[in-house]
Each structure stands twice: as C-alpha cells, then as structure tokens.
Amino acid sequence: MRVTLSTMELVEHIDTLRAEGMLLADSAEATGLDAQVPSCPEWTVRDLVRHLGEVHRWAASHVIDARETMSVGNFATYPEDDAQLLDWFREGHAELLQALEVADPEGAFYGFLPGGAKGTRFWARRQAHETTIHRVDAQNVTGLVSPSTTEFAVDGIDEMLHGFLARRPSRLTSAADPYTFVLVCTDDPQAWQVAVNGDGPTTTDDSGEGGTRVYGTAFDLYLLLWNRRPLAGLEVQGPTEGLEHYRAHAYVRWT
C-alpha cells in the first residue's frame, strides 16, 4: 500500500480550514438559506450549512476524545430556527479549530483513510478539504467560485486518489471494460495515472502511457474529481467513457 503523506504542514491545513469555513458562512449569509445549490441539486444552502455544521462537531469529537474507533450517530442537532443557524455553524467551526490547535500534533488516533497520517494531522487535512468542497458548493449558487492554492488542490487530489479510492470494496469495479485516465496539472509538475479494472482503481504518480488524458489547473482537476465541475472547458485527449464511469461511481462515502 502506498503511504499517502501530505507535503502540507498541520498549521497550513488548520489555516485553510479556518479561512474556508469563514468563506462558506459569509457566502451562505449573502445568498440566503433558501437558495438551491447547483452542485448538490437536492440541497439548499440551509442543508449545506446544517450538514457541515454537524460534520465539524463530529470531527471535533474524534480529536477531543482521541477516539480509537469511528463515532457513529453522534452528530449534534442543528437549530430549527434559521436565525440561529449561521451562529451555530460558526460555533462548531470554531470548536473544531480549537480542538485541532490544542491536540497533540503527533496523535495517532482514528482516521478512516488508508495510509498517511492519523489523528490530529488526518482530521485537519480531511476537514480542510471537506470544508473547501462545500465552500465551493455554497459559492456555486452565484457562480463566483474562489480558487484554492495550487498546493492545496494537489493535496486534495492526492487525498482523493490515494485515500478514498484506495479503500475496498470499490464501486469502480463495475466497469464493463478496463480503462485508464491521466490527470496532468498545467500549473504544477504533477500528474496521476488512474487504471480501473475488475479489482478496482490503482493510482500511480506519473503521467504514464496511453489512456485518456485531462489537462487543467490543479484546482480544476480537484473539482473534477469531486464532481464539482464538468469536463467542459478542460483539454481532454481520448475517449471520455472511462471518466464518465468514474464520475458516476466514485462519489465519496465515509464507511
């Protein structure tokens, strides 16, 4: 198993989490809670805020208690009164930040992705990306989406391909025919080759040979993997059937 190690420091993930949570809350306040979220079509902004507020509290509980196993069904209850919802979200966001800042940086307690850091470093990284993706969702209401840094987007691609996709069993084993696609950054010397067959996906950190090739900025490729942007607007060389299969099956779940 490849060990996925972020090149970003713990403090960078915490700082990103702080900034992204604030952006999400500000965006929700500006658009209103009733607005539909284009990238999560079944959700309103209200649903988005409720979800992430619960996730932040759930994540904080693992850090505060240094839990050895996943907490199930321990989500906090959001307020029914919309007037209190954003304050409730900001309180949970602040609680998570404080928990990460005071926890042992080298804590090796529970984390749910294979390889890589556990404990404090895992939760800071995971929640920074969780919050960024949902901040993008919130900003998609207006279409004015702020890009992340290239380094952070590369980190997020690594987490998706070597973390979430490395778990078994994989929904990607349902492909009728094996396929390969390569993601090539146009703003960073980084590429990933993803090969999918009946055993699931395998990722190597290189441009590889053959397969469909997709060129874009790290942020665009990051959003593509999270199904937060379409292929349109990116340079694609080769057939798209494999990518379409990936996008239909590689959505994220925790368990």
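Numbering of residues begins at 1 and proceeds along the displayed sequence.
- The residue from Thr16, Asp155, Thr120 that alone fulfils the side-chain hydrogen bond (donor to acceptor under 3.5 Å, both in side chains) condition with Arg125 is Asp155.
- Residues Val45 and Val37 share a closest heavy-atom pair of N-CG2, 3.7 Å.
- With a 4.5 Å cut-off on side-chain heavy atoms, Thr77 and Trp88 do not count as touching.
- His56 is linked by a ring-ring contact (aromatic ring centres under 6.0 Å, His included) to Phe89, His93, counting only residues two or more places apart in sequence or in another chain.
- Taking CG of Leu96 as the start and OG1 of Thr131 as the end, the distance is 7.0 Å to the nearest 0.5 Å.
- The two atoms that bring Val141 and Gln36 nearest to each other are CG2-O, 3.5 Å, heavy atoms only.
- When all heavy atoms of Pro38 and Asn140 are compared, the closest pair comes out as CG-O, 3.4 Å.
- When the side chains of ILVMFWY residues are joined at heavy-atom separations under 4.5 Å, either directly or via intervening members, Phe109 and Met70 end up in a single hydrophobic cluster.
- Legend: residues meeting ring-ring contact (aromatic ring centres under 6.0 Å, His included) with Phe152, ordered by chain and number and at least two apart, are His129.
- In this structure a side-chain-to-backbone donor-acceptor pair under 3.5 Å is present from Thr186 to Thr217.
- Note that Arg50 lies outside the cation-pi zone of Trp43, set by a 6.0 Å cut-off to the ring centre and a 45° limit from the axis.
- Applying the ring-ring contact (aromatic ring centres under 6.0 Å, His included) test to Tyr78 and every residue at least two apart in sequence or in another chain returns nothing.
- Taking 4.5 Å as the limit, some side-chain heavy atom of Val145 sits within range of a side-chain heavy atom of Val136.
- Transitive grouping of hydrophobic side chains (ILVMFWY, heavy atoms separated by less than 4.5 Å) brings Tyr110 and Leu100 into a common cluster.
- Note on ring orientation: taking the six-membered ring where Trp is involved, the planes of Phe122 and Phe112 are perpendicular (angle over 60°, cut-offs 30° and 60°).
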Between side-chain atoms of residues 20-29 and protein atoms elsewhere (two or more places apart, or another chain), which donor-acceptor pairs fall under 3.5 Å?
residue, atom, partner, partner atom, Å
Glu20, OE1, Arg135, NE, 2.5
Glu20, OE1, Arg135, NH2, 3.3
Glu20, OE2, Arg135, NH2, 3.2
Ser27, OG, Ala138, O, 3.4
Glu29, OE1, Arg90, NH2, 3.3

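- Ser39 and Asp137 form a side-chain donor-acceptor contact under 3.5 Å, judged by distance and modelled atom types alone.
- The closest side-chain heavy-atom distance from Leu224 to Arg247 is below 4.5 Å.
- A distance-only check finds a donor-acceptor pair linking the side chain of His62 to the backbone of Ser71 [under 3.5 Å].
- Leu10 and Ile64 fall into different hydrophobic clusters, defined by Ile, Leu, Val, Met, Phe, Trp and Tyr side-chain heavy atoms under 4.5 Å apart, directly or through other members.
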### Task
Kindly determine whether Glu159 and Tyr222 satisfy side-chain contact (heavy atoms from CB on, under 4.5 Å), including the steps that lead there.
CA-CA 10 Å; Glu159 186 203 43; Tyr222 176 51; over 6 Å; no
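- Val11 and Val63 are members of different hydrophobic clusters when ILVMFWY side chains are connected at heavy-atom separations under 4.5 Å.
- Rounded to the nearest 0.5 Å, atoms OG1 (Thr149) and CD (Glu151) are 6.0 Å apart.
- Counting Ile, Leu, Val, Met, Phe, Trp and Tyr side chains that sit under 4.5 Å apart, directly or through other members, Tyr215 shares a hydrophobic cluster with Val182, Val184.
- Sorted by first and then second residue, the salt bridge (Lys or Arg N to Asp or Glu O under 4.0 Å) pairs involving residues 99-112 (not counting sequence neighbours) are Arg18-Glu101, Glu106-Arg121.
- Taking both residues in full, the closest heavy atoms of Ile157 and Ala218 are given as CD1-O, 3.6 Å, listed atom of the first, atom of the second, then distance.
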